[in-house]
Amino acid sequence: MNNSHIARVFQDIADLLELKGETPFKIRAYQKAIRSIEQLPVGLDQLRQEGKLRDVPGVGEAIEKKIVELLTTGRLKYYEELRSEFPPGVISLLQVPGIGPKTAMRLSTELGIRSLEELEGAIIDGRVEGLYRLGEKTAENILHHLRSMRTKEQRIPIGTALPLAEEIMASLRQTSPIRNLTPAGSLRRFRETIGDIDLMGTADDGEAVIESFTRLPLVKEVLARGGTKASVVTHRGLQADLRVVEHDDFGSLLQYFTGSKQHNIALRERGQRQGLKLSEYGITTLDDGRLERFSTEEGFYGRLGLEFIPPELREGQHEIERAEEHSIPRLLEPADVKGDLHLHSDWSDGRDSIEAMAVAARGLGYEYIAVTDHSRGLGIAHGLNEERLRAQTSEIRKLNENLHGIRVLSGTEVDIRADGSLDLPDEILANLDVVIAAVHSALSQDEDRMTRRLLGAMENPHVDIIAHPTGRLLGQREPVALGMEAIFRAAARTGTALEINCMPDRLDLRDIHIFRARELGVRLALGTDAHGTEHLSNVRFAVGMARRGWGEARHFLNTMPVEELLAWLRGRGEAKA
DNA sequence: GCCGTTTTCGGCCCGACTGTTTTCAGTCG
């Protein structure tokens, strides 16, 4: 029973308690615990063994007991009893926007509705609008949400959302007098998936800005339009909201709309203890009812005695305590990255030549790149055999004599075969500057086998980096079964770096893994896995993940200057051997 | 159900919108 299973059980419990009409505080207590569990960088089973379950924010005596019961028996008596109190299918009605606990219960008990299909039928038959306090408009509204749930994509990868947001912002800046335009919400916090695009800005003439926004070419439908706010649907079916606020309130509002919800709740609870009431309009002193407004977030946090908290850390975990101590680390920034350690050329399945990749990388201000084409086992990707790899290495040597301002390192992305052996012999690997190893096949192996497979690769003294360790593809493929804690400990022990793969559909390792790996002293490496020059800038997505994992420049290989990096790579090989 | 620079008991974030109301319940972010 892993963390997400347990979180799901608690989510069901929270929903059921809502249906039951339990006190909101009890429900919130569950929700707080759920958020914490979802963001936990270690397994609950491990915390239990260490006796640290109660250290998890929101886990007290009762929830701890329930976690232990779930871990040891795989079941939870309280949950089963609670479920038996309600007709089957009621919980599913809560997924529909506009349907809360009260409505769900009435639909279920008065009309016998047990599923979303039955709900749709009942609305069409006109049975729903007959219920007390449920009119025609409400029924219509529910039907609309019900149908759009089917067609609308749930959350989309940040790799799709951010470029789209930037496109919107660029055209809005051109066509309207908006100032301070910036993303808010999960986009600004750099979550790996985004529900909708939230944008904010200031302007003297808010209405003119809103007007321009709703007329942008990529707007497909205008959902709502007011004097200071509008919601539109863009051509990809993604919703975008714009808020135009007064300059003097910009800090308060940006803070509020950046979230996360849990962060804001924690912040307000803290404010309350200081006799302050926090809202999107500012900070009110409870004694005299005086409202202070803030044009910057720094001012807002400062008023609470906190240092500025980078948006990527605002998840309601420990960031507020750290800001109180003024001990928030200086997080990794794009400018810290001095090179790319994972990319492909037209020697394997890349599109561009090594030289073209090198020139593009130089344009980004890099000092070096490592060419890490696939090994022979990946036939479909034109993997290199020993002979071609030797030829490539000598071409790189020649290239380096003629190239200025950038150094090309020789390397490979060697396949880790199903049996754990590597696809190229050690003597070949020994001649390369950088060796990345990765799993590309037999992805359904069980946890024990897969873990041993990766551990074996890490023990090889020539392997420097493990690429995309969990193999997940966002929204398409689950991560492979892997004992992450064992992987992290082995990586720390052997000095093998783990990659944060920058491909927007991978982002692998993910934020909570980065957090834990770093905690255990694992070195991390940023790799774009670029198959063309245009992919090199994807590094920003991994920088975002790194920041969410509280990563600092010192945790990453790519922040070293080239000579230091080469020395590290050589020294590490010797130490392992 | 959690939790403590007021508290081991008594609090618990804050505001807005919508529809169905005649003063507000329900839902959302």
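Chain letters run A, B, ... following the sequence lines, proteins first and then strands; every chain starts at 1.
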Honestly, is A:R215 close enough over A:F213, meaning NZ or CZ under 6.0 Å from the six-membered ring centre and within 45° of the axis?
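Judged by the rule, A:R215 and A:F213 form no cation-pi pair.
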Report yes or no: is the cationic atom of A:R303 (NZ for Lys, CZ for Arg) closer than 6.0 Å to the six-membered ring centre of A:Y301, at no more than 45° off its axis?
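Geometry flag: not set, cation outside 6.0 Å or 45°.
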Separation between the [atom1] atoms of [N] and [M], rounded to whole Å:
N      : M      : atom1 : result
B:dA16 : B:dG11 : P     : 26 Å
B:dC17 : B:dC12 : C1'   : 24 Å
B:dT22 : B:dT8  : P     : 45 Å
B:dC3  : B:dC13 : C1'   : 16 Å
B:dA25 : B:dT20 : C1'   : 9 Å

How is [X] classified with respect to the nucleic acid when contacts are heavy atoms under 4.0 Å: base, sugar-phosphate, or nothing?
X      : value
A:E136 : sugar-phosphate
A:K66  : sugar-phosphate
A:P24  : nothing
A:I27  : nothing
A:Y281 : sugar-phosphate
A:K32  : nothing
A:T23  : nothing
A:L267 : nothing

Closest nucleotide of DNA chain B for A:A29 versus for A:A104: which of these residues is on the 5' side?
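The residue mapped nearer the 5' terminus is A:A29.
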Toward the 5' end of DNA chain B, which comes first, A:R28 or A:R273, by nearest nucleotide?
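The 5'-side residue here is A:R273.
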A:Y30 vs A:F10 aromatic rings, parallel, tilted or perpendicular, using cut-offs 30° and 60°?
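Aromatic pair A:Y30/A:F10 classed tilted.
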By nearest atom, which of the nucleotides [options] is closest to the [X] side chain?
X      : options                : result
A:T103 : B:dC2, B:dG15, B:dG26  : B:dG26
A:E269 : B:dC13, B:dT5, B:dG26  : B:dC13
A:E280 : B:dG15, B:dG1, B:dG19  : B:dG15
A:R268 : B:dT27, B:dT5, B:dC13  : B:dC13
A:F25  : B:dC24, B:dT27, B:dC12 : B:dC12

May I ask you to verify if any side-chain N or O of [X] is less than 4.0 angstrom from the OP1 or OP2 atom of [N]?
X      : N      : result
A:K277 : B:dG15 : yes
A:K261 : B:dC14 : no
A:S279 : B:dC13 : no
A:Q274 : B:dT5  : no

Report the distance from atom [atom1] of [X] to atom [atom2] of [N], rounded to the nearest whole Å.
X      : N      : atom1 : atom2 : answer
A:I320 : B:dC13 : CD1   : P     : 13 Å
A:E18  : B:dT27 : CD    : C1'   : 10 Å
A:I283 : B:dC14 : CD1   : P     : 12 Å
A:K102 : B:dT20 : NZ    : C1'   : 17 Å
A:I99  : B:dC28 : CD1   : P     : 9 Å

With a 3.5 Å limit on both atom pairs, tell me what B:dT8 is paired to, counting Watson-Crick and G-U wobble, or say none.
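Pair assignment: B:dT8 / none.
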A:E80 bridged to A:K77 by N-O distance under 4.0 Å
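Here A:E80 does not pair with A:K77 in a salt bridge, since their nearest N and O are not under 4.0 Å apart.
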Go through the side-chain N and O atoms of A:D15 and A:Q11 and say whether any donor and acceptor fall under 3.5 Å apart.
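The answer is yes; a qualifying pair exists.
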Using distance alone, with no hydrogens and no angle criterion, decide if A:N264 and A:Q255 have a side-chain donor and acceptor under 3.5 Å apart.
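On atom types as modelled, these side chains qualify, holding a pair under 3.5 Å.
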With a 6.0 Å cut-off (strictly less than), is the heavy-atom count around CG of A:D204, excluding the residue itself, greater than 12?
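Open: at most 12 neighbouring heavy atoms sit under 6.0 Å from CG of A:D204.
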Base B:dG29 to side chain A:Y256, donor-acceptor N/O within 3.5 Å cut-off:
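In this structure, the two groups form a donor-acceptor pair.
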